[in-house]
Amino acid sequence: MRVTVIHGEVTQVSTPALIIDLFEGVTHPEGATGAVDQALDNAISQLIAEGETKGKRGEMTLVHTFGRIAPFRVLMAGLGKESSFNVNTIREVTAEACRFLRRRGITSAATIAHGAGIGGISPKDSAQAIAEGASLGLYRFTEYQSRDDDARDNMDELSIIEMDGSKLHELEEGARQGSWMAEGVSLTRDMVNSPPNVMTPKRMAEIAMEMASVKGLECTVLDRLDMQELGMGSFLGVAQGSVEPPKLITMQYRGDPEHPDNNLGLLGKGITFDSGGLSLKTATGMEDMKRDMAGGASVMGAMNILAHQQPKINVTGIIGATENMPGGGAQRPGDIVRTMGGKTIEILNTDAEGRLVLADVMCYAKHLGVTRMVDIATLTGAVVVALGNRITGVMGNDQPLVDQLLSAGQHMGEPSWQLPLHDYKDMIRSNVADMKNTGGRGAGSITAACILAEFAEGVAWAHMDVAGTTYTDREKGYMVKGATGVPVRTLVELSNSLARQA
Ligand code: BES
Ligand code: MN
Ligand code: ZN
C-alpha cells in the first residue's frame with residue numbers, strides 16, 4: 001500500500017473514490033466536504049437534511065458524481081461528535097473507509113487530511129494516522145490460501161489531497177512515518193499469524209538476521225551451546241522438551257553511540273508454541289498457543305521501525321525463542337533450574353514457562369549493559385480475566401518508566417493499565433530453591449511479575465502482559481481478525497519519547 005500526498009483541489013482530482021468526512025450534527029459542511037457539496041449543488045447538505053447521512057461515527061455514505069466533479073465517487077465517512085474526535089478516530093475511520101471501498105473492488109483512492117488543524121492535530125499526525133489506518137485496516141494474511149480471484153484484490157494506493165501548499169511537507173513526513181509503522185506492525189502480525197510449524201525459533205532468528213542486514217542493525221543469535229556456557233539453565237529447561245533448537249536473538253540499534261547510558265532494552269517472550277510441557281494444556285484452544293511468541297515478534301516489529309526512524313537512543317531487542325513441548329527430555333514438575341544470574345527456581349508447573357525464559361533473558365540484558373528495560377510477554381491467562389482483550393497489563397519497579405509506557409500506549413491508541421506490583425513474594429517462596437515458578441490461585445499476573453521483578457534488581461524495568469491484546473476475534477477500526485500487532489507502536493513511541501528527553 002502506497003500513501004502519497006498530492007497538491008490540489010479535491011473536486012479536480014481524478015480518482016475512483018474520494019474519501020471526505022462529516023462530523024455528527026453538522027448541517028452545512030465546510031472545508032473540503034463543503035467544497036464537494038458546493039460543486040455537487042448542495043447534494044451533501046440535502047442528504048443531511050433528509051437524514052440519510054448524520055455523520056455518526058463509522059457511518060459510510062457513497063455518492064456517485066456522474067462526471068460533475070473529477071472524483072468518480074465520493075465516500076462520506078462519519079467522524080462522530082467533534083468533542084470526542086482524536087487521531088485514533090482518523091486511524092479507525094480511514095481503515096473502515098478503505099475496507100468499505102475494497103469490498104466494492106476499488107483498488108485506488110484519495111482522501112482529505114481529516115482533522116488536520118482541529119483540536120491540536122497537526123497535518124503530520126493526521127497523515128500518519130491515515131497511513132497507519134489504511135495499511136493496517138487493509139491488512140490480510142493470505143500466505144496459505146491458494147484462492148486467487150478478484151475478491152483478493154487489495155487497495156494499493158491512497159493519495160492525501162491538500163490544497164494548502166504550506167502543509168504538504170508535514171503531510172509527507174506523516175505519511176512516511178505512518179508507512180514505516182505499518183511495515184513494522186505488519187511484520188509482527190505476519191509472524192504471529194504464521195503457523196507454529198513454520199514460525200519456529202530458527203525461522204524467527206532467520207527473519208531477525210535478514211531484517212538486520214537490510215535495515216543496518218546488528219544481530220547475533222545464540223544457540224543452545226552458547227546459552228549453556230552462559231549458564232541459562234532456566235531458559236534451557238523450557239527448551240529441553242522440544243526437538244526444535246532454541247535461539248536467543250539480539251538485535252542492536254545504536255542511535256546514540258556516544259552515550260551508552262541512553263539505552264533501552266526491549267525483551268520479548270518468543271514461545272513459538274506453548275503446549276504447556278508436561279503440565280499439558282487441554283486440547284480446546286491449544287492452537288491459539290502459536291501466538292505465544294507475540295512479545296518477541298513485537299520487539300522485532302519495533303526494531304524494524306526504529307531502524308527507519310533513527311531516534312537518538314540505543315535500543316537492544318532481545319528475544320528468547322523456544323517451543324514449550326512435552327518431549328521425552330522435557331523438564332519435570334519438581335525440577336530445580338539455575339538462572340544465568342545464579343538464582344534458582346523450582347518448577348511446579350511447566351506451563352508457567354514464559355517467566356523462566358524471561359528470567360534468563362533479563363540476566364542477559366543486564367550482562368549486555370542494558371540499564372532500562374521493558375519486557376513484552378503473553379505471560380498469563382489471568383491478565384485476560386482482569387483486563388480482557390483490549391487492555392494490556394503493565395507493572396514495573398520504576399514508576400517514571402511505567403508512566404511513560406502508559407502514556408505512550410494512550411497516545412498510540414493501544415490502551416494499557418497498571419496493576420499493582422504488590423509484594424506477593426511469600427507466594428513464590430520455595431522450600432527447596434530461591435523461588436518457585438507459580439504463585440497461588442489469585443493474582444496470577446502479579447505473582448508472575450513478582451518472579452520477573454527478582455531479575456530486574458538494579459535496573460529500571462517495566463513489564464507488559466499482552467496475553468489478551470495481541471490477538472482479536474473481531475474486525476474493528478484498523479484491527480482485523482487475528483494478530484493485532486499490539487504493542488509495537490507503543491514500544492516505538494516509548495523509544496522516541498525517551499530519546500527526546502535524553
Ligand atoms: N502462554 C500462556 C499464557 C496465555 C494464556 C497466553 C492465554 C495467551 C492466552 C502462559 O505460558 C501460561 O500458560 N500461563 C499459565 C500460568 C499458570 C500455569 C501459572 C496460565 O496463565 O494459566
Ligand atoms: Mn504456558
Ligand atoms: Zn506461554
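Only heavy atoms go into these numbers, but all of them, side chains included; no hydrogens, no water, no symmetry mates. All ligand and atom numbering here is 1-based and tracks the order in the structure.
Put simply, part of Leu379 is less than 4.0 Å from ligand 1, judged by heavy atoms. Between Arg355 and ligand 1 there is a heavy-atom distance shorter than 4.0 Å.
For atom 7 (C) of ligand 1, the closest non-hydrogen atom on the protein side is Met289 CE, 3.7 Å. Among all protein heavy atoms, the one lying closest to atom 2 (C) of ligand 1 is Asp274 OD2, 3.6 Å. Looking only at protein heavy atoms, the nearest one to atom 19 (C) of ligand 1 is Thr438 CG2, 3.6 Å. Looking at atom 18 (C) of ligand 1, its nearest protein heavy atom turns out to be Asn349 ND2, 3.5 Å. Of all protein heavy atoms, the one lying nearest to atom 12 (C) of ligand 1 is Asp351 O, 3.2 Å. Closest to atom 20 (C) of ligand 1 among all protein heavy atoms lies Gly381 N, 3.9 Å.
With Ile347 as the partner, the side chain to side chain contact (heavy atoms under 4.5 Å, CB included) test is satisfied by one option alone out of Ile336, Leu356, Thr438: Leu356.
In this structure, the side chain of Glu414 engages the main chain of Thr490 through a donor-acceptor pair within 3.5 Å. Checking side-chain atoms of Thr94 against main-chain N and O of Arg91 turns up no donor-acceptor pair under 3.5 Å. Between the side chain of Thr469 and the backbone N or O of Thr392, no donor-acceptor pair lies under 3.5 Å. For the pair Lys269 (side chain) and Ala321 (backbone), a donor-acceptor distance under 3.5 Å is absent.
Lys215 NZ to Leu217 CG: the interatomic distance, rounded to the nearest 0.5 Å, is 9.0 Å. The distance from atom SG of Cys219 to atom CE of Met300, rounded to the nearest 0.5 Å, is 8.0 Å.
The Glu353 neighbourhood of ligand 1 comprises atoms 11 (O), with distances under 4.0 Å to a heavy atom of that residue. Counting the atoms of ligand 1 from 1 in the order shown, those under 4.0 Å from a heavy atom of Lys281 are 12 (C), 13 (O). Shown in contact with Ala467 at under 4.0 Å from a heavy atom are these atoms of ligand 1, numbered in order with element: 6 (C), 8 (C), 9 (C). Annotation for ligand 1: atoms under 4.0 Å from non-hydrogen atoms of Lys269 are 1 (N), 10 (C), 11 (O).
Note on ring orientation: taking the six-membered ring where Trp is involved, the planes of Phe141 and Tyr144 are tilted (angle from 30° to 60°).
In summary, the side chains of Gln331 and Asp335 do not present any donor paired with an acceptor at a separation below 3.5 Å, with no hydrogens or angles considered.
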Please step through side chain to side chain donor-acceptor pair (under 3.5 Å) for the pair Tyr139 and Asn154, ending with a clear verdict. CA-CA 9 Å; Tyr139 172 89; Asn154 213 341; over 6 Å; no
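Atom OD2 is the N, O or S atom of Asp274 at the shortest distance from the Mn ion (ligand 2).
Not one N, O or S atom of Leu379 sits under 2.8 Å from the Zn ion (ligand 3). For the Zn ion (ligand 3), the set of nearby N, O or S atoms under 2.8 Å includes one belonging to Asp274.
At the Zn ion (ligand 3), the vertex angle linking OE2 of Glu353 with OD2 of Asp292 is 100° (nearest 10 degrees). Expressed to the nearest 10°, the angle at the Mn ion (ligand 2) joining OE1 in Glu353 with OD1 in Asp351 is 120°.
Polar contact with ligand 1: present for Asp292 (N/O pair, distance under 3.5 Å).
Counting non-hydrogen atoms of other residues, nucleotides and ligands closer than 6.0 Å to CG of Asp473 gives a total of 12 or fewer.
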